[in-house]
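Each remark here refers to the structure printed beneath this line.
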Amino acid sequence: MKWAVFLCALVALSECLHRVPLRKGKSVRKALEENGLLEDFLRRYPYNPSAKFNPNFAVQSDESLTNDMDISYYGVISIGTPPQSFKVVFDTGSANLWVPSIYCNSNACSNHNKFNPNLSSTYRSTSQTVAIQYGTGSMTGLLGYDTVTVAGIVDTNQIFGLSKTEPGDFLYYSVSDGILGLSYPSISASGATPVFDNMMAEGLVSQDLFSFYLSRDGQEGSLVTFGGIDPSYYTGQIYWLPVTSQTYWETTMESVTINGNVVACASGCRAIVDTGTSRVVGPTSDINNILAYIGATEGQYGLQSIVNCNSLGSMPDVTFKINGYQFSLPPSAYVSQEGSSCTTGFGQNGNDQLWILGDVFIREWFSIFDRGNNRIGLAKAVNL
């Protein structure tokens, strides 16, 4: 019997839940915009969120990550003995843990915390290397082992990446230092064991699942919970969806409707629930159809589509049918307002037929990632 399961039988459920508070920081897009660099960056590196899910990388040693400039949620973990702290994106769309290291001289490392293996008594080096591709370049580095602590869970002998090079503008302006991937090990670069797989193998969680609650407003209140489900963050029942490919958290979607009319995914399509993508992303033709229905216009260079703020009260819900269940996004979920400007949370990915249900979707639907049963759970998120 796992020690975590045994202990949880003796104490209250809440004591078996390991929570990492997620803070909402300034996005890369906002930082580039404030520095007058956004338009040039988008001209050089067009928005391409589906690159992250290129099937070629699921079987190769390198992993592909898109440059999602709107990702703004991060949490703090520590690595080493004594612990060195890092802000990381908890990303269900990738599998590796990596952070900057003292071996990195790239500009992107200059303003972030860097891991120093010489200061950790539990660090163990390897001769393995790792490379992760971005739209703007690649992160290359070394693999090593050390103790990783996440929400009080002490994960010993965890393999992770120590960056030596990182692509410039994008990561330089990122609030987070690195990434903690939470997808399946089959897509892990260099075959490195993901953090959650190590937690399961060592019996450190009472249930082999984790969940995300993303708050609708404000910088604080969001969290990722390991080892259980906290019912205080959702209302109603949990709808379970089978994972159809043990690579990403992928399932099958039947259709997208507005006012009962099918507007996208008419013949069924693949859909991935991804905390590492900020928007709801779909094929360009389908997204354009949705934008037409809600009265939005697409921005240049992949900038968010724009709607009239005065029309919010009359805009329709957009409903995603998955496994026979209906998951609706009201205008309050898919439109964000900043001053007098209103933009939607929909993004285009060209001719790729893949859908990505990112943070815009997860803020409305509390999301559970159940490795023990290879399924995704969705429940209506409460507004705390």
Side-chain angles (χ1 to χ4, degrees), residues 1-9 13-20 22 53 58 73 75 90-95 97 150-151 153 155 180-188 193-214 222-254 270-277 320-327 355-359 361-382:
M1 177 184 288
K2 292 181 179 179
W3 278 109
V5 175
F6 175 75
L7 291 172
C8 284
L13 172 64
S14 61
E15 295 182 39
C16 298
L17 302 179
H18 301 272
R19 304 177 181 88
V20 180
L22 301 179
F53 304 102
Y73 295 98
F90 288 85
D91 178 21
T92 60
S94 65
L97 167 63
V150 182
I153 301 174
D155 173 16
L180 192 154
L182 291 167
S183 65
Y184 283 82
S186 61
I187 65 163
S188 178
T193 302
V195 169
F196 195 68
D197 284 77
N198 221 27
M199 290 181 180
M200 292 190 293
E202 293 184 10
L204 301 176
V205 287
S206 57
Q207 296 183 67
D208 292 340
L209 57 80
F210 52 91
S211 60
F212 278 80
Y213 172 80
L214 300 182
S222 302
L223 75 166
V224 54
T225 302
F226 293 93
I229 304 168
D230 190 337
S232 61
Y233 289 96
Y234 68 89
T235 184
Q237 75 177 90
I238 298 172
Y239 302 95
W240 293 103
L241 319 172
V243 170
T244 54
S245 174
Q246 292 179 28
T247 50
Y248 306 99
W249 289 93
E250 180 178 329
T251 191
T252 300
M253 186 161 68
E254 287 101 87
R270 298 163 54 213
I272 292 173
V273 183
D274 179 27
T275 60
T277 298
F320 302 82
K321 185 179 180 182
I322 311 173
N323 202 33
Y325 304 121
Q326 307 277 349
F327 303 98
W355 283 77
I356 309 169
L357 304 179
D359 294 348
F361 184 88
I362 297 169
R363 277 193 288 269
E364 193 71 15
W365 293 96
F366 176 82
S367 299
I368 305 159
F369 301 86
D370 185 351
R371 280 290 302 276
N373 296 289
N374 293 314
R375 60 183 183 172
I376 303 163
L378 299 176
K380 187 71 172 178
V382 298

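Sequence positions, counted from 1, serve as the residue numbers for this chain.
The shortest non-hydrogen separation linking G227 to S206 is O-OG, 2.8 Å. When every heavy atom of P231 is checked against every heavy atom of I229, the shortest pair comes out as CD-O, 3.3 Å. Contact record, G228 with S211: O-OG, 3.9 Å, taken as the closest heavy-atom pair. The two residues V382 and S232 come nearest to each other via the heavy atoms CG2-O, 3.5 Å. In plain terms, the two heavy atoms of D91 and G276 that are nearest each other are OD1-CA, 3.2 Å. Among all heavy-atom pairs drawn from P194 and G181, the shortest one is CB-O, 4.5 Å.
Taking 4.5 Å as the limit, every side-chain heavy atom of V150 sits out of range of all side-chain heavy atoms of D155. For the pair K380 and Q237, the minimum side-chain heavy-atom distance is 4.5 Å or more. Residues P242 and T251 have side chains in contact (heavy-atom distance under 4.5 Å, counting atoms from C-beta outward). Side-chain atoms of Y213 and T225, non-hydrogen and from C-beta on, never get closer than 4.5 Å to each other. By the 4.5 Å heavy-atom criterion applied to side chains, I322 and L357 are counted as neighbours. Proximity of I187 to Y248: side-chain heavy atoms (C-beta onward) are separated by under 4.5 Å at one or more points.
Separating the CG atom in L223 from the NE2 atom in H18 is a distance of 13.5 Å, to the nearest 0.5 Å. Here CD1 of I272 is found 5.0 Å from CD of E250. Values are rounded to the nearest 0.5 Å. Rounded to the nearest 0.5 Å, atoms CG (L182) and CZ (R371) are 9.5 Å apart. One finds the CD1 atom of I356 at 4.5 Å from the OG1 atom of T277 (value rounded to the nearest 0.5 Å). The distance from the CD1 atom of I368 to the CD1 atom of I376 is 11.0 Å, given to the nearest 0.5 Å. L180 contributes atom CG, which lies 8.0 Å from atom OG of S94 (distance to the nearest 0.5 angstrom).
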Determine, step by step, whether Y73 and F212 satisfy the side-chain contact (heavy atoms from CB on, under 4.5 Å) criterion, reporting the C-alpha distance in whole Å, the side-chain angles of both residues, the deciding distance to 0.1 Å, and the verdict.
CA-CA 11 Å; Y73 295 98; F212 278 80; over 6 Å; no
Output, in order, the C-alpha distance, side-chain angles, deciding distance and verdict of side-chain contact (heavy atoms from CB on, under 4.5 Å) for T92 and F369.
CA-CA 9 Å; T92 60; F369 301 86; 3.9 Å; yes
side-chain contact (heavy atoms from CB on, under 4.5 Å) for R19 and D230? Distances and angles first, verdict last.
CA-CA 10 Å; R19 304 177 181 88; D230 190 337; 2.8 Å; yes
Go through the steps for D274 and I362 under the test side-chain contact (heavy atoms from CB on, under 4.5 Å), then give the verdict.
CA-CA 8 Å; D274 179 27; I362 297 169; over 6 Å; no
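Shown here are the side-chain hydrogen bond (donor to acceptor under 3.5 Å, both in side chains) partners of N323, two or more places apart in sequence or in another chain: there are none. When the side-chain hydrogen bond (donor to acceptor under 3.5 Å, both in side chains) test is applied to D370, the partners found at least two apart in sequence or on another chain are N373, R375.
The aromatic rings of Y233 and F366 lie parallel to each other, with less than 30° between the two planes, well short of the 60° mark. The aromatic rings of Y325 and Y239 sit tilted relative to each other, their planes meeting at an angle between 30° and 60°. Between F210 and F226, the ring planes lie tilted relative to each other; the angle falls in the 30° to 60° range.
Looking only at distances, a side-chain donor or acceptor of S186 sits under 3.5 Å from a matching main-chain atom of Q246. Between the W249 side chain and the T275 main chain, no donor and acceptor come within less than 3.5 Å of each other.
In this structure, W365 has its ring center no closer than 6.0 Å to that of Y234.
A side chain to side chain contact (heavy atoms under 4.5 Å, CB included) with S222 is found for exactly one of V20, D359, L214, namely L214.
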